[in-house]
There are 2 protein chains.
Amino acid sequence: MPDVPALTDRPGFLLSQLGHHAADRFAERLRPLGLRPRHFGLLSHLAAADGRTQQQLADAMGLHRNQMVALLDDLEARGLVERRRHPDDRRAHAVFLTETARELLPRAQRAADEHDADLVRALDAQERRQLIDLLQRLGEDAGLTAGVHPTLTAAPRATR
Amino acid sequence: MPDVPALTDRPGFLLSQLGHHAADRFAERLRPLGLRPRHFGLLSHLAAADGRTQQQLADAMGLHRNQMVALLDDLEARGLVERRRHPDDRRAHAVFLTETARELLPRAQRAADEHDADLVRALDAQERRQLIDLLQRLGEDAGLTAGVHPTLTAAPRATR
DNA sequence: TATTGTTATACTCTATAACTATA
DNA sequence: TATAGTTATAGAGTATAACAATA
């Protein structure tokens, strides 16, 4: 054991290195579908529950409402979401998936499945479960909100 | 098991989420020392082998020589590195750590140690070894270069 | 002609503030 | 007075090209 651990033996470096790699590869996999990872996240949220306001969606994904505007503009331009009038609040929009999105979503999910399978292909089934278990526990211990990606989370500049 | 795996069960998402978190936290730990993660990486490289050229250092870290200029400017302004004339090539600089850097480096390494310890504090000793082993194998299988962080690696725009 | 270090430029991202229409 | 959505702006970060000195 050396005095100074090499980066290769540091869990922090390994996580950061692999995590960045995983994000890059996932972005590549989604690109042919005209989507970015954050679009996939938003579509997934909408698939789980249609009709929420932009603010609610932004809260759920941990990003600022200003960024949600641009995200929805992208998806609306591609005909994947619709902004409808909110029944109870005339300031708000109710956001819905389109039929096109419901056709596209399974393809995006398949891309995510393939991405995951590719990432862990060097591990056997038990090791995969182990990896997921360890990562989930680290995330919980670190106080990360399940399913919320830190890239999107707006934080005061001085704090970062 | 649901039809569509939640993000929380996807190794790709977990790695990306935790990796980003780890990078953020490490940056926070280094900030009091006036360093950013990439500075730590460069100082570590220099601690292992002084006197290399900027191009060699850039290659070792996987970044473009243009970025190495700014990185060295930072560290030189803080009195942590010296650009000396290269004995064999008058185009090149030979880069050396200063005494100040050699005093600072142990503190930075301690910060990295604490960062790592904090990240994995929820795991017992055996689980920590397991985690590191699994991550190393994933990295090797993915073809990642040991110790090279993808954030720094310059890639053609269309490819990313 | 190629390479080292440097500088300048343009482009992408994102944080922040400010505006409007409603509540 | 506060909130939902929107727009504009500025700042940080980074990729690319171009340059002078030297090989």
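The chains referred to below are lettered A, B, ... by the order of the sequence lines, with proteins before strands, and numbering in each begins at 1. Worth knowing before you read on, the calculation uses all heavy atoms, side chains too, and leaves out hydrogens, waters and symmetry mates.
Look at CG on B:Leu71: it is 15 Å from P on C:dT7, rounded to the nearest Å. Between B:His20 atom NE2 and C:dC13 atom P there is a gap of 14 Å when expressed in whole angstrom units. Residue A:Met68 contributes atom CE, which lies 19 Å from atom P of D:dT3 at whole-angstrom precision. B:Asp24 has its CG atom 14 Å from the C1' atom of C:dT14, to the nearest Å. Put simply, CG on A:Leu63 is 14 Å from C1' on C:dC13, counting in whole angstrom units. Atoms CG (B:Asp73) and P (C:dA8) sit 12 Å apart, rounded to a whole Å. Between A:Leu75 atom CG and D:dG5 atom P there is a gap of 15 Å when expressed in whole angstrom units. Taking atom NE2 of residue A:His86 and atom P of nucleotide C:dA23, one finds them 11 Å apart after rounding to whole Å.
Using a 4.5 Å heavy-atom cutoff, the side chains of B:Leu15 and B:Leu135 are in contact. Annotation: side chain of A:Ser16 is in contact with side chain of B:His149 (closest heavy-atom distance under 4.5 Å).
No chain of hydrophobic side-chain contacts below 4.5 Å, direct or via other Ile, Leu, Val, Met, Phe, Trp or Tyr residues, connects B:Leu35 to B:Val69.
No salt bridge links A:Asp113 with A:Arg110; every basic N to acidic carboxylate O contact stays at or beyond 4.0 Å. Note on B:Asp50 versus B:Arg84: no salt bridge recorded, every NZ/NE/NH1/NH2 to OD/OE distance being 4.0 Å or above.
When all heavy atoms of A:Phe40 and B:Leu7 are compared, the closest pair comes out as CE2-CD2, 4.2 Å. In this structure, B:Thr53 and B:Ala92 approach most closely via the heavy-atom pair CG2-CB, 3.8 Å.
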Residues A:Asp74, A:Arg78; criterion salt bridge (Lys or Arg N to Asp or Glu O under 4.0 Å); working and verdict:
CA-CA 6 Å; A:Asp74 291 347; A:Arg78 290 214 44 209; over 6 Å; no

Protein-nucleic acid N or O pairs under 3.5 Å, nucleotides 17-19 of chain D:
from   : atom 1 : to      : atom 2 : distance (Å)
D:dA17 : N6     : B:Asn66 : ND2    : 2.4

Identify the pairs formed between an N or O of the protein and an N or O of nucleotides 21-23 of chain D at a distance under 3.5 Å, and give each distance.
from   : atom 1 : to      : atom 2 : distance (Å)
D:dA23 : OP1    : B:Arg90 : N      : 3.0

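A:Asp59 and A:Gln55 form a side-chain donor-acceptor contact under 3.5 Å, judged by distance and modelled atom types alone.
Considering only side-chain N and O atoms, A:Gln55 lies under 4.0 angstrom from the phosphate OP1 or OP2 of D:dA4. Checking the phosphate oxygens (OP1, OP2) of D:dT6, a side-chain nitrogen or oxygen of A:Arg83 falls inside 4.0 Å.
Across B:Arg85, B:Arg91, B:His86, a single residue satisfies side chain to side chain donor-acceptor pair (under 3.5 Å) together with B:Asp89, and that is B:Arg91.
Counting non-hydrogen atoms of neighbouring residues, nucleotides and ligands closer than 6.0 angstrom, the CZ atom of A:Arg102 exceeds 12 such neighbours. More than 12 heavy atoms of other residues, nucleotides or ligands sit less than 6.0 Å from atom CZ of B:Arg83.
Counting non-hydrogen atoms under 4.0 angstrom, A:His93 reaches the backbone sugars and phosphates but no base.
Here the nucleotide nearest the side chain of A:Gln67, chosen from D:dA15, C:dA15, D:dA4, is C:dA15.
Applying a 4.0 Å cut-off to non-hydrogen atoms, the residues of residues 33-43 of chain B that approach DNA chain D are B:Arg36, B:Arg38, listed by residue number.
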